[in-house]
2 protein chains.
Amino acid sequence: MAHSTIPDAELLDRLTEVFRAYGYHGASLSRLAAASGLEKASLYHRFPKGKQQIALAVAGGVYAWFQQHVFNPLKTAASTRDKLRIVIENLRIFYADGTKSCALDALSLAGENDELAAALKFALLAWRDAFAQVARDSGAPPDEAGSRALMAIAKIEGSLILARVLSDPAVFRRTLDELPDQLTGKAG
Amino acid sequence: MAHSTIPDAELLDRLTEVFRAYGYHGASLSRLAAASGLEKASLYHRFPKGKQQIALAVAGGVYAWFQQHVFNPLKTAASTRDKLRIVIENLRIFYADGTKSCALDALSLAGENDELAAALKFALLAWRDAFAQVARDSGAPPDEAGSRALMAIAKIEGSLILARVLSDPAVFRRTLDELPDQLTGKAG
DNA sequence: GTCTATAGCTTGATAGAC
DNA sequence: GTCTATCAAGCTATAGAC
């Protein structure tokens, strides 16, 4: 991609925003082209298999972001409190304080797209495992830790829907505030 | 089947399923026609303003269902425990044990559609108020009751996304199991 | 009230110039 | 690597027969 006028990372970011805002079916090639600043034919040059490949790249990009800003920080030797403070701040940034949807939600109504569905499932399981480790560190048994992690993720996902419908990020903010207690078991 | 009129309620149910399965943009007139058994022109006879009107009717139908099977049961004089048992069973039915999406989620990425957005917000606030009353009945102050209600709804919505991505309804089931404690404050 | 047929636009995708 | 131009198929929506 040496001669590209727009860097790959920047391009992927812009494409991601379209999928998060409109969902899989609503993210048309026209919208993707307009948002990226490229023409449709140029998008096909970079993603020869078209929209499915773009969606898969978006899912992969989001996974990579989470790996760097959520999963990896939780694996350091820092205290649970310090790690969670960083991760919560990063989640606040990723979801733009509750104003942007989760890619997991936006992409999971794609219909016939097994590869994408598998990628979303893989990413979600990695997220669960990262959160579950926090629960284990605070004394939860393995299966309880996994359930607690999934519940915490469910609250985040759900609060983003509510923030969207209500045009009010308050529920999302409270969810992030409660995340430490949620994972460490001080609340159900 | 040809030339036989379909009852309004049955028709609305089938249209609703398409929106819940594919989202607003993915629910094309062709899919709506195929699922309803009517031709596109017949759908326009019943909904002259087209897809926007269908989506609005779907939102209204879901609201009516919730009013009858969730909001009203919570207003009876029965015990909190008994009321919640009924409501939880009805939610399990509506979401088909976690295999069907929430209309709130599926319709809220519609883009430019202020009327639909307002209807979704209205329905969600009614749901919040119904759950909040349960929290108040168990001693929560008004604003805490409202927050607790929204959190409970967020968990339901989020667990449906997770169930969809994981193809596993376990998280949704656990969310429903925890709903009574969630609302009455025995868990955060 | 439902149908067939079709209009006009948008979609995902391709060909070929530069 | 990006562009203009184009295609067939799909889209929302309409007209008019029965």
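Model, not experiment: these values are computed from the prediction. Heavy-atom basis, side chains included; hydrogens, waters and symmetry copies ignored.
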**Student:** At less than 4.0 Å, is any side-chain N or O atom of Thr5(B) found next to OP1 or OP2 of dG1(C)? Yes or no.
**Tutor:** no
**Student:** Report yes or no: is the cationic atom of Lys51(B) (NZ for Lys, CZ for Arg) under 6.0 Å from the centre of the six-membered ring of Tyr24(B), at an angle within 45° of the ring normal?
**Tutor:** yes
**Student:** Name the nucleic acid region contacted by Ser28(A), choosing base, sugar-phosphate or nothing; use a 4.0 angstrom heavy-atom cut-off, strictly under.
**Tutor:** sugar-phosphate
**Student:** Tell me whether the NZ or CZ atom of Arg20(B) lies within the 45° cone about the ring axis of Phe94(B) and under 6.0 Å from its centre.
**Tutor:** yes
**Student:** Measure the shortest side-chain to side-chain distance between Val171(A) and Arg174(A) over non-hydrogen atoms and say whether it is less than 4.5 angstrom.
**Tutor:** no
**Student:** dT12(D) C1' sits how many Å from Leu15(B) CG, rounded?
**Tutor:** 15 Å
**Student:** Between Lys51(A) (NZ) and dC11(D) (P), how many Å, whole number?
**Tutor:** 11 Å
**Student:** Rounding to an integer number of Å, can you tell me how far Glu39(A) CD sits from dT6(D) C1'?
**Tutor:** 14 Å
**Student:** May I ask you to establish whether Arg148(A) and Phe131(A) are in a cation-pi arrangement, using a distance under 6.0 Å from NZ or CZ to the six-membered ring centre and at most 45° from the ring axis?
**Tutor:** no
**Student:** Has Tyr44(A) got a side-chain N or O lying under 4.0 Å from the OP1 or OP2 atom of dT14(C)?
**Tutor:** no
**Student:** I want to confirm an ordering. Mapping Pro48(A) and Arg46(B) to their closest nucleotides on DNA chain C, which one lands closer to the 5' end?
**Tutor:** Arg46(B)
**Student:** Using atom CZ of Phe47(A) as one end and atom C1' of dT14(C) as the other, report the distance to the nearest whole Å.
**Tutor:** 18 Å
**Student:** Hey, which sits more toward the 5' end of DNA chain C by its nearest nucleotide, Ala41(A) or Ser30(A)?
**Tutor:** Ser30(A)
**Student:** Expressed as a whole number of angstroms, how long is the span from Leu38(A):CG to dT2(D):P?
**Tutor:** 5 Å
**Student:** Rounding to an integer number of Å, can you tell me how far Lys40(B) NZ sits from dA7(C) C1'?
**Tutor:** 12 Å
**Student:** Whole-Å distance between dT4(C) C1' and His45(B) NE2?
**Tutor:** 16 Å
**Student:** Can you tell me the distance, in whole Å, between the NE2 atom of His25(A) and the P atom of dT12(D)?
**Tutor:** 12 Å
